[in-house]
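Just below is one structure, and these are the notes that go with it.
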Amino acid sequence: MNTNFTYFISDFILILGILLSVFIGFFAKNLAPKWHLRFLNTTLSLMLLAFAPFLSSFLKLTSLDIFANFIPFADYNLNFLYGSINITPLNLFFKFLITISALIASLLSFGFVKKLNRKISNFTSLFLFAVLGGYGICICGDLITMFLSVEILSVSLYFLISSFYNKKDREKNSLEAGVKYFAINGISSCFLLLGMSYIYMNLGTLNFSDINTMMINKILPASPLLNVGDILFFLALTFKIGAYPFYIWVMDVFKGSNYAAGLFISSVTELAGAVALIKTACTLGCFGSILNFTLILCAVITLVLGNLLALRIVKKDGDIKDFLASASLANLGYVFLGTAFFTKSSITAAIFFLIVYLISNFGLWAGFMLIVRNLRKYTLKEDVSKYETSYGSKKLYIDENLGSIKGISYISPFFATIFTICLLSSAGLPAMTGFTAKFYLFANILRCGIWAVYPLLFGAFASVLAVYYYFKIIFIMFQKPDNLKIYKKKLIFNRTNIYIFILSVASVLLIAGFFLSAPLINLINNLI
C-alpha cells in the first residue's frame, strides 16, 4: 500500500473531476444546476476520502496515549520532478485542509449558485481549477511551481468573481470586482517574479530544499539584493490573503461578487495564501533580519486596519459582505503576524489560529448566508430598503445590512444561540477556542524577545476593537425587531438544513476546542 501513487490519489480525482466537468459542460448543456453541484460535491467528497490512508499518521502525531501504538502510514519526505513537487506530512495536512474547506464552501454555496446565470456548467470547472491551484501551492517544492500554482488559483478566481452573478448581484458590479482583482493580481505577480529573479541571482537556485541546506550550513551570501528579493516575494504573497499593502481589492471584490465566490475567497483562497506564506517563511525566513521587521510591520497594519474597518462598518450598520471581508482581513492579520516572526513556535501558533479561523469563518458565513436567503425569499414589499430586485414574478426589496439581523433571537432562539457562539469565539473571549488561539499566538510571539511586546500591543488593541463590534452585533441580534413580517416564514431558521448543520458543528467545535486544543497543537508542532 505504501506506494507513490497513494500520495496523489486526491490529485488524480481532482484532475478527473475537472475533465468530466468540462465534458459535461459541452455535451449536457440542459442539465439542471443541482446535478452540476452534486457532481462538484461528490468529487470533493471522494478527494477527502483519499486522505484516509494518512489518518493513522495524523492521529499518532497528536501525542495522545490512545494512539501511541498506531503504526504511521510512512516516514516520508519524497521529491518528484527534480524537486519541484515535495511530499511531506505537513504538505498533506495542508492539502487536507484545502479539500475540507472546499467541500464545506461548495455545500454552503448550493442555494446561491442555483440562482446564478446560465453558465452554471462552468462554475464547477472553475471551482475545481481553483482547488487545483491550492493543491499546487501545498505540494510545491520550489518557487517556480509556487508561482504557477498561485496563477492558476488567481485566474480561476477572476472568472468566478466576474462571470457569475445572480438576480440580486448586478453584472456591472461583478465585472468591476473581477477587473480590480485581475489588475491587482497582475501587479503582485510582477513583484513576485522580480523577487524570484533577485533570489535566483544571489543563490543560484529556487528549490526549497537547496535553500534550506544553504541556510543550515550558513553559506547564504550577505547581499542587499537578496534581502530586497525576499521582501518583494513575501509582499507579493500578501495579495492572496488580502494583507497590507495589497489589501485594496478585498472590500470591492467581496462587495461585487456572489456569496458563493465570497465564501470561496475567505476560506479556500486565503487558506492557500496563508499556506504559501508559511511554506516560504519556513524556507526563506531569517529571524532578526530586515525581512522580519518589514513583515511584522505589514502584519500589524493589516490586523489593526481590518479591525478598524469592521468597527466602522458595524457602527454604520453596513453591508454584510463588507463586514465579512473586513473580519476576514482582521483575523488573517494574526496569522500573518505569527508567520512573520519565522520561529517554529510562532508558525505553529499561526497554523493553529488559521484552523480556528476557518471553523469560526464557516460558522459566520453559514449564519449570514441563511439570513440573506431568508431576506431574499420572504421579504414583503412594504419592507422597503436600499436594494430592489426581481424574484420570480414578485418585486422584492432587500436590505442585506447588519441591521437585518435585528430580532432574530425572537424568531429562533436556537439559531441566535449557536450564531452567538461563533461571534464570541471570533471576538476571542474565554471559554472559546478563539481565545485559546490568540493566547497561544501571543505567548509564542513573546518568546521571540522582549521587543516582541511592541507589535503585541497593537494586537491587543485590535482584539479590544473586535470585542466591541462583535458584542455590538450580538446586541443587535437580541433587540426587539421593528417589524416581524420580514421573518414571516420563520421555519427556515428552525428546520434542519446545511446552514444550521454547519453552524451547529462550528459552535460545538469552538467550545470543545477550548478544552481539547492540546492534541491539535501537538499535531501541528510535530508536522513542522
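The chain is numbered in sequence order, starting from 1.
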Using side-chain heavy atoms (C-beta onward) and a distance below 4.5 Å, is [X] in contact with [Y]?
X: Ile355; Y: Phe93; value: yes
X: Tyr259; Y: Trp365; value: yes
X: Leu153; Y: Ile137; value: yes
X: Leu332; Y: Thr302; value: no
X: Phe208; Y: Cys140; value: yes
X: Ser328; Y: Val250; value: no
X: Trp249; Y: Ile161; value: no
X: Asn227; Y: Tyr198; value: no

State whether the side chain of [X] and the backbone N or O of [Y] hold a donor-acceptor pair below 3.5 Å, judged by distance alone.
X: Thr348; Y: Ile524; result: no
X: Ser10; Y: Met47; result: no
X: Thr339; Y: Val335; result: yes
X: Asn185; Y: Tyr181; result: no
X: Asn91; Y: Asn86; result: yes
X: Lys255; Y: Lys321; result: no

Can the ring centroids of Tyr334 and Tyr357 be said to lie less than 6.0 angstrom from one another?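 Judged by ring-centre distance (under 6.0 Å), Tyr334 and Tyr357 do not meet the cut-off.
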Is it true that Phe54 and Tyr7 have ring centroids separated by less than 6.0 Å?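 Yes.
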Would you say that more than 12 heavy atoms from the other residues, nucleotides or ligands in this model lie under 6.0 Å from the [atom1] of [X], or not?
X: Phe191; atom1: CZ; value: no
X: Phe58; atom1: CZ; value: yes
X: Phe458; atom1: CZ; value: no
X: Phe129; atom1: CZ; value: no
X: Phe80; atom1: CZ; value: yes

If we check ring pair (Phe, Tyr, Trp, His ring centres under 6.0 Å) with Phe341, which of these qualifies: Trp451, Phe336, Phe442?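 By the ring pair (Phe, Tyr, Trp, His ring centres under 6.0 Å) criterion, Phe341 pairs with just one of Trp451, Phe336, Phe442: Trp451.
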Tyr135 and Ser149: side chain to side chain donor-acceptor pair (under 3.5 Å), yes or no, with the steps? CA-CA 8 Å; Tyr135 265 26; Ser149 301; over 6 Å; no
Taking atom types as modelled and ignoring hydrogens, do the side chains of Ser106 and Asn41 form a donor-acceptor contact shorter than 3.5 angstrom?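 Result is yes, a qualifying pair exists.
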Lys95: which residues meet the salt bridge (charged side-chain N to carboxylate O under 4.0 Å, His left out) condition with it, sequence neighbours left out?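 Per chain and number, Lys95 pairs via salt bridge (charged side-chain N to carboxylate O under 4.0 Å, His left out) with Asp11.
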Thr343 and Arg447: side chain to side chain contact (heavy atoms under 4.5 Å, CB included), yes or no, with the steps? CA-CA 9 Å; Thr343 63; Arg447 294 179 181 177; over 6 Å; no
Nearest heavy atoms of [X] and [Y], plus distance in Å:
X: Leu263; Y: Ser109; result: CD2-OG, 4.0 Å
X: Ser21; Y: Ser125; result: OG-OG, 2.9 Å
X: Leu108; Y: Ala366; result: CD2-CB, 3.9 Å

Quick one, Ser266 with Leu324, criterion side chain to side chain contact (heavy atoms under 4.5 Å, CB included). Give me CA distance, side-chain angles, the key distance, then yes/no. CA-CA 8 Å; Ser266 69; Leu324 290 171; over 6 Å; no
Under the side chain to side chain contact (heavy atoms under 4.5 Å, CB included) rule, what do Ser101 and Phe362 come out as? Steps first, then yes or no, please. CA-CA 9 Å; Ser101 298; Phe362 281 124; 3.9 Å; yes
Would you sort out whether Thr205 and Asn207 count as a side chain to side chain donor-acceptor pair (under 3.5 Å), showing the intermediate values? CA-CA 6 Å; Thr205 180; Asn207 187 271; 5.6 Å; no
Take Val300 and Tyr454, measure what side chain to side chain contact (heavy atoms under 4.5 Å, CB included) needs, and give me the verdict at the end. CA-CA 10 Å; Val300 167; Tyr454 299 107; over 6 Å; no
Which of parallel (below 30°), tilted (30 to 60°) and perpendicular (above 60°) describes Tyr158 and Phe182?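 Plane angle between 30° and 60°, so tilted.
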Angle class for the Phe51/Phe96 ring planes (parallel below 30°, perpendicular above 60°, tilted otherwise)?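 Aromatic pair Phe51/Phe96 classed perpendicular.
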Within residues 345-356 or reaching into it, pairs that qualify as salt bridge (charged side-chain N to carboxylate O under 4.0 Å, His left out) - sequence neighbours excluded: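 Listed once each, the pairs would be none.
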Only one of Val22, Leu40, Ile24 forms a side-chain contact (heavy atoms from CB on, under 4.5 Å) with Thr124, so which one is it?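 Testing each of Val22, Leu40, Ile24 against Thr124, the sole residue satisfying side-chain contact (heavy atoms from CB on, under 4.5 Å) is Leu40.
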